[in-house]
Asker: 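First the structure, then my questions, so here it is.
The basis for the numbers below is simple: all heavy atoms, side chains too, and nothing from hydrogens, waters or symmetry mates.
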Amino acid sequence: MIRNPFTDRRPWILAGIFLAAFLLWTPLGCFAPWVPEKLHQGPWDSSFAFYSLIMLDGSDEGGHYVYLPSLVFDRDLDFSNNWKFNVQAFTATSTGVARNYWTIGAALLWAPFFFLGHGLSYFYARTGHPMELDGYDFPYLTLTGLETVVYAFLGVLCLTRILRRFTSERAAFWIAAISWFSSLVPFYSFIQTKMSHGPEAALVSLFLLTALRAREAPEIAWRWLALGIATGLVAIIRLNGPLILVVAAAVFLGDLLPKEFRTWPSADLWRAARKRLVPWMLGFAPLYAAQALASLTLFGRPFGPSGDPDYSTDNVLSADGFSRLGDLKSLWEMFVGSRYGLLWTMPLWGPAAWGLWQRFKTRAFLSTVTLVYLGLLIAMVLMFGNWGNGFGYRYFAAALPFIAMGLAVFYAQIVTPRGWTRGAIAAGILAVGWQYLQILQHKTWMEHNEPAFTWKAFTNIPEILGEPSLLLRSSAWLPIVLKEGFRCQDLADFHFLVLLPLAMALFLAAACLAWNLLTTPAPTASAGRADRLTPWAWGAGMLCLAPVLWIGLFPPRKPPDLLYAVLVSKIRACERVNGIYDHPLDNLIPRAWTLGRTLGRDQPDMDLRLARQLAEKGAVEKARQLLENVVSRYPDYAEQAKTLLESLPGASR
C-alpha cells in the first residue's frame with residue numbers, strides 16, 4: 001500500500017504557521033516606485049534598518065552569498081569583481097583575491113533555488129523585461145530567501161522527531177515550534193534570510209536526529225553516512241561549525257569504549273569502529289573538502305582564515321579574544337545583561353537549562369558532551385570581538401536544538417506530572433509574543449548597538465500595543481497589501497505580491513509531502529524497510545556539492561581591468577548607500593594602490609579612467625593626485641594625464 005501523506009497533520013499545521021509568518025514578517029523590499037522606502041514604524045529613521053529579500057548586508061550576508069555568483073558566472077573564487085558582497089571594505093589576501101572570511105556552506109544549501117532563480121531570470125529576460133543574469137537580480141535573491149524559510153521549516157520537523165524521545169508526540173511538536181519561535185532564530189529565518197544562522201539551527205537539528213538514529217541502530221551503515229553528511233554540513237556552515245565534531249566524536253565512540261569491550265584496544269573494537277568510520281567519512285569528507293578547497297584558494301591554507309593578519313587581530317584568534325575568556329563581567333552580561341541577556345531575551349532557556357541538568361544526572365556521558373559543546377559556544381561568544389552586531393547573541397542559534405531537548409525534559413518531568421499544562425501553554429505563547437516584540441523593534445525603534453536593548457524593548461510595549469499599526473514590521477507582504485495605494489500592475493508587482501506567496505505555499509507543501517512520504521511507514525512495510533529518510537538525505541547532501549564542481553571543471557577566469565571595475569563599483573556603492581558606511585572617496589585611492597601592488601598590476605590607463613570618474617563625482621583633488629602620479633611614473637601616458645589635468649576645474653590655463 002502507498003503511504004498516506006496526510007496521516008500526520010502536524011507538518012501541515014506547521015507549514016500553515018510558517019506561511020503566515022512569511023506573509024507577516026519577511027520584508028520584500030522596495031520592489032516598485034509606489035512602495036515607500038520605509039514601511040516599518042519607529043522613531044529611528046535610517047535606511048540601514050531596512051532589511052529585505054533583495055538587500056545584501058555588506059558583511060555576513062554578502063560574504064556567504066557571493067560564492068554562488070562567483071562560482072557559477074565567473075567560474076572562480078576571486079570575488080574582486082563581485083563588489084556587491086561587501087561594500088564596507090575591500091582588501092586582498094596573500095593569494096591575490098578578495099578577502100572573504102565567511103564559509104561556503106550556506107551557498108551550497110542555497111544552490112538549488114539559486115539555479116531556479118537563474119531560470120526564472122532567464123525567462124523574464126526572454127519575455128522582454130530588463131534583467132541582469134549575474135546572480136544579484138531579484139529572482140535570485142528572493143528565491144534563495146524562500147529556501148532559507150524552507151530549511152527552517154524542515155529544521156523544526158527534525159526537532160519534533162528528536163523531542164519525541166523525551167515526551168509525547170503532541171507535546172514534542174508544540175515544544176519544537178515554541179522553542180523555535182521564542183528564540184532569535186526566526187529573525188534570521190524570515191528577515192535576514194541571507195545570514196547563515198537560520199540554516200545553521202536547522203542543520204544542527206538534522207545532525208542530532210541522525211546522531212540519535214545512528215546510535216539506535218549502529219549496524220546500519222546508511223545512518224552513519226547520513227551522520228557524516230550532517231556533520232559536514234554543520235562544520236562548513238560557519239567558522240564555529242567544526243565545534244560540532246566534539247558531539248560527533250562522542251556519538252561515534254560513546255558505546256564502543258567501556259560498555260561493550262573489556263579490553264582496549266581489541267580487534268572487535270577496531271572492526272566496529274571501521275564499520276562506522278568508513279561511511280561517516282564518505283559523507284563528511286567531500287563536504288569539508290569543499291570548504292578546504294575554498295580556503296586554500298582564498299588564503300593559501302585549507303583551514304580557513306587562521307593566520308590571516310586582519311582576522312587574527314580583529315576576531316577570535318586575537319590575544320584580546322583569549323583574554324576575554326576570564327572576563328566574568330562579560331559572562332554575567334551574556335546571561336542577565338540589559339542588552340541581550342539570554343534569560344531575558346529567551347526566558348524559556350531557564351527551564352531548559354534545568355532540563356539539561358536533569359538529563360545530565362541520568363545519562364551522564366552524552367549529556368556531558370552536550371554541556372561541553374554549549375560551553376565551547378559560550379567561550380567562542382566571549383572570545384569573538386563583534387558578536388553584538390546582529391540581533392541578539394546570534395552564535396547561539398546552533399544551541400537551539402540542545403535547549404529544546406532540555407525544555408522537553410522539563411515538560412516531561414515537571415509540567416506533565418503536576419498538571420501545569422495550561423500554564424505551560426500560556427508561558428509558551430507569552431515567550432513567542434515577547435520574541436515577536438523584540439524582533440519588531442530591532443533597527444526600527446532602536447539602533448542595532450543599543451546598550452539596553454532588552455530593557456527598552458520591554459518599556460516600549462505599552463506604546464506599541466496602543467497603536468495596532470506599529471505591530472507590522474518592514475515591507476512584508478501583509479503590510480504592503482493592507483497599505484493604501486496597493487496595486488499590482490507590472491512584472492515586479494506580480495513577482496513579489498503574487499508569485500512569491502504562491503511559491504512559498506508550494507515549497508512548504510512539497511516539503512510536507514516529502515517529509516510524510518519519507519518518514520511515515522507504509523501499512524504493509526517491514527520494519528527494516530519502512531524508513532527511507534537516510535538514503536534520501538545522502539542523495540540530497542551530494543546534490544549540494546554541484547556548485548563546487550565548477551572549480552574543478554573550469555579554470556579560473558579573471559575579468560579584464562579588474563582594479564578599475566572594482567573601484568568604479570566602489571564609488572557607485574558609496575554613492576548608493578548615501579554615506580551610511582564611512583568609506584568616502586578619500587579612502588579609495590590608497591586601497592587601489594595597495595590592491596594593485598598585491599595583485600602585481602600596474603595599469604596607468606586604469607588610473608586615467610578612474611581620474612575621470614573621480615572628477616565627475618566632484619573629487620577633483622583626488623583626481624589631480626592620480627593624474628600627477630601618472631605623469632611622474634609613466635612617461636608613455638604623461639601626455640594624456642597632462643591633458644586631463646588641464647581640463648580639471650580650477651586648473652591653470
Asker: Around atom OH of Tyr122, are there more than 12 heavy atoms of other residues, nucleotides or ligands at under 6.0 Å?
Answerer: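 No, the 6.0 Å shell around OH holds no more than 12 heavy atoms from other groups.
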
Asker: Give a yes-or-no answer on whether the side chains of Asn240 and Glu200 include a donor-acceptor pair shorter than 3.5 Å.
Answerer: yes

Asker: Does Tyr436 have its ring centroid less than 6.0 Å away from the ring centroid of Phe181?
Answerer: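 Tyr436 vs Phe181: aromatic centres not under 6.0 Å.
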
Asker: Could I get the full list of salt bridge (Lys or Arg N to Asp or Glu O under 4.0 Å) partners for Arg487, not counting sequence neighbours?
Answerer: none

Asker: With Phe173, which residues qualify under ring-ring contact (aromatic ring centres under 6.0 Å, His included), at least two apart?
Answerer: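 With neighbours one apart ignored, the set is empty.
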
Asker: Identify each donor-acceptor pair in which a side-chain atom of residues 104-111 lies under 3.5 Å from a protein atom, sequence neighbours left out, and give them as a table.
Answerer:
residue: Trp110; atom: NE1; partner: Thr148; partner atom: OG1; Å: 3.0

Asker: Looking at residues at least two apart in the chain, or sitting in another chain, which of them share a ring-ring contact (aromatic ring centres under 6.0 Å, His included) with Phe190?
Answerer: Phe18, Trp25

Asker: Can Lys194 and Glu147 be counted as an ion pair, charged N to O under 4.0 angstrom?
Answerer: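 A salt bridge is absent here (no side-chain N lies under 4.0 Å from a carboxylate O).
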
Asker: Which word best sums up how the rings of Phe396 and Tyr393 line up, parallel for under 30°, tilted for 30 to 60°, or perpendicular for over 60°?
Answerer: perpendicular

Asker: Does the ring center of Phe31 lie less than 6.0 Å from the ring center of Phe138?
Answerer: no

Asker: Please indicate whether Trp434 has more than 12 foreign heavy atoms, meaning atoms of other residues, nucleotides or ligands, lying under 6.0 Å from its CH2.
Answerer: yes

Asker: side-chain hydrogen bond (donor to acceptor under 3.5 Å, both in side chains) with Tyr124: which residues, sequence neighbours excluded?
Answerer: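 side-chain hydrogen bond (donor to acceptor under 3.5 Å, both in side chains) list for Tyr124, sorted by chain: His495.
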
Asker: Using distance alone, with no hydrogens and no angle criterion, decide if Thr103 and Arg238 have a side-chain donor and acceptor under 3.5 Å apart.
Answerer: no

Asker: Looking at residues at least two apart in the chain, or sitting in another chain, which of them share a ring-ring contact (aromatic ring centres under 6.0 Å, His included) with Phe187?
Answerer: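 Testing Phe187 for ring-ring contact (aromatic ring centres under 6.0 Å, His included), a comparison that skips the adjacent residues, returns Tyr51, Phe391, His442.
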
